[in-house]
Amino acid sequence: LAGCSIVGEAGVESAPYDLIKTDIDSKTETQLEIREYKSMVLVSTSMDDGGRNSAFRRLFNYIAGDNKGQKEIAMTAPVYMGNEASENASGIKEQGTKIAMTAPVFMNNDAVKNLQGNAMSFVMPADFTYATTPTPNNSKVIVSEVKNYKVAAITFSWTLSDSNVEKHTKILLDWLKKTDYTVVGKPYTAAYNGPMTLPMYRKNEILVPIK
């Protein structure tokens with residue numbers, strides 16, 4: 001999996017959505033979309049408590065079996081999967097059914113209403129419902145459900161550096177001004193690849209809640 005991640009995704013299931021509108025930015029040739037996510041179950045935690053790495057470890061431990069259902073939810077690609085996270089999970093493997101994790105990893109998602117500040121979220125696979133998603137053992141990890149969630153999205157490569165995020169957020173917001181949609185939340189990021197992936201092959205997105 002580490003080898004596959006160097007040049008992009010390794011067959012990870014992506015969160016399904018209905019495509020309402022698509023366009024291409026003429027200057028950068030980046031893809032622009034209006035999407036509606038009919039239903040998503042999110043497992044989330046705050047990034048303000050220990051930073052991005054700590055947030056990832058809490059979520060990784062959850063999908064590796066740190067939940068009241070003792071289900072092991074296995075990733076099929078190493079999205080931010082470092083050695084430390086693997087070591088933390090080693091004591092709770094083989095305790096449940098392996099279920100492929102869904103991409104992307106959301107960061108700073110306004111859809112998580114029960115978390116204040118900056119949140120990181122994993123999307124549960126489509127065959128999980130809110131009712132069947134295991135309850136986290138860690139009180140800092142919460143499960144939530146989003147329905148009929150409409151966003152504008154821009155897809156781009158390279159890294160999620162501040163300059164790259166700012167550049168593509170501006171392109172997306174400028175494009176939205178030419179449409180009939182209204183922004184109803186702050187922009188947030190979505191990552192599809194792990195740190196082993198070469199920057200030019202990475203898939204990143206900026207999403208903006210709209211109506």
Side-chain angles (χ1 to χ4, degrees), residues 1-17 28-31 33 40 42-67 71-109 112 118-126 128 138 140-141 153-169 187-207:
L1 286 177
C4 291
S5 72
I6 292 174
V7 291
E9 294 180 65
V12 177
E13 174 191 354
S14 292
Y17 57 84
T28 62
E29 297 186 350
T30 47
Q31 186 168 336
E33 294 180 346
M40 285 191 297
L42 302 176
V43 181
S44 310
T45 191
S46 173
M47 292 194 296
D48 295 334
D49 183 8
R52 183 180 294 184
N53 290 338
S54 293
F56 177 82
R57 285 196 296 272
R58 286 193 291 272
L59 296 179
F60 181 83
N61 286 342
Y62 168 82
I63 67 170
D66 187 18
N67 56 69
K71 295 181 182 293
E72 182 180 357
I73 306 169
M75 286 188 171
T76 56
V79 183
Y80 300 121
M81 193 175 299
N83 292 333
E84 188 172 359
S86 299
E87 290 168 3
N88 287 344
S90 60
I92 50 178
K93 294 184 73 175
E94 308 299 342
Q95 292 190 8
T97 304
K98 291 186 177 181
I99 303 170
M101 189 65 190
T102 302
V105 174
F106 290 122
M107 283 165 280
N108 305 327
N109 183 5
V112 186
N118 300 313
M120 177 181 289
S121 302
F122 285 1
V123 184
M124 292 296 292
F128 275 85
N138 191 332
K140 295 180 180 180
V141 177
I154 184 169
T155 303
F156 57 98
S157 59
W158 295 89
T159 67
L160 283 170
S161 65
D162 290 345
S163 59
N164 211 18
V165 169
E166 182 178 349
K167 169 187 173 181
H168 289 92
T169 300
Y188 61 95
T189 58
Y192 286 79
N193 309 104
M196 290 290 292
T197 306
L198 295 173
M200 70 282 292
Y201 293 120
R202 293 183 189 180
K203 177 182 177 181
N204 310 302
E205 290 179 342
I206 305 294
L207 299 99

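Hydrogens, waters and symmetry mates play no part in the numbers below; they use all other heavy atoms, side chains included.
- The backbone N or O of S46 lies less than 3.5 Å from a partner atom in the side chain of R58, making a donor-acceptor pair.
- Residues passing the side chain to side chain donor-acceptor pair (under 3.5 Å) test with K140, sequence neighbours excluded: D49.
- Here the OG-CE distance, from S54 to M47, works out to 11.5 Å after rounding to the nearest 0.5 Å.
- If you take OG on S157 and CG on L198, they are separated by 11.5 Å, rounding to the nearest 0.5 Å.
- Between K167 atom NZ and I206 atom CD1 the span is 12.0 Å, to the nearest 0.5 Å.
- P125 and E13 make their closest contact through CB-OE1, 3.9 Å (heavy atoms, listed as atom of the first residue, atom of the second, distance).
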Inset, instruction - Evaluate the criterion side-chain contact (heavy atoms from CB on, under 4.5 Å) for residue pair Y192 and E205; output intermediate values, then yes/no. - result: CA-CA 9 Å; Y192 286 79; E205 290 179 342; 3.0 Å; yes
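- Residues satisfying the side chain to side chain donor-acceptor pair (under 3.5 Å) criterion with T28, sequence neighbours excluded, are D25, T30.
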Inset, instruction - Determine, stepwise, if the pair K203 / T197 fulfils side-chain contact (heavy atoms from CB on, under 4.5 Å). - result: CA-CA 10 Å; K203 177 182 177 181; T197 306; over 6 Å; no
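- The heavy-atom pair separating P199 from T159 by the smallest distance is CB-CG2, 4.2 Å.
- One finds the CG atom of N67 at 11.5 Å from the CG atom of N138 (value rounded to the nearest 0.5 Å).
- Between the side chain of N204 and the main chain of T189, no donor-acceptor pair closer than 3.5 Å is present.
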Legend entry - Full working for side-chain contact (heavy atoms from CB on, under 4.5 Å) between Y17 and E33: CA-CA 11 Å; Y17 57 84; E33 294 180 346; 3.3 Å; yes
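- The heavy-atom pair separating A191 from L160 by the smallest distance is CB-CD1, 4.0 Å.
- Nearest approach of L207 to A190, heavy atoms of both residues: CD1-CB, 3.6 Å.
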Inset, instruction - Evaluate the side-chain contact (heavy atoms from CB on, under 4.5 Å) criterion for residues M200 and W158: first the C-alpha distance (whole Å), next the side-chain angles of each, then the deciding distance (0.1 Å), finally the verdict. - result: CA-CA 5 Å; M200 70 282 292; W158 295 89; 3.9 Å; yes
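- A ring pair (Phe, Tyr, Trp, His ring centres under 6.0 Å) with F122 is found for one member of F128, F56, F106, F60 and no other, namely F56.
- At least one donor-acceptor pair closer than 3.5 Å links the side chain of D48 to the backbone N or O of N118.
- Residues satisfying the side chain to side chain donor-acceptor pair (under 3.5 Å) test with N53, not counting sequence neighbours, are none.
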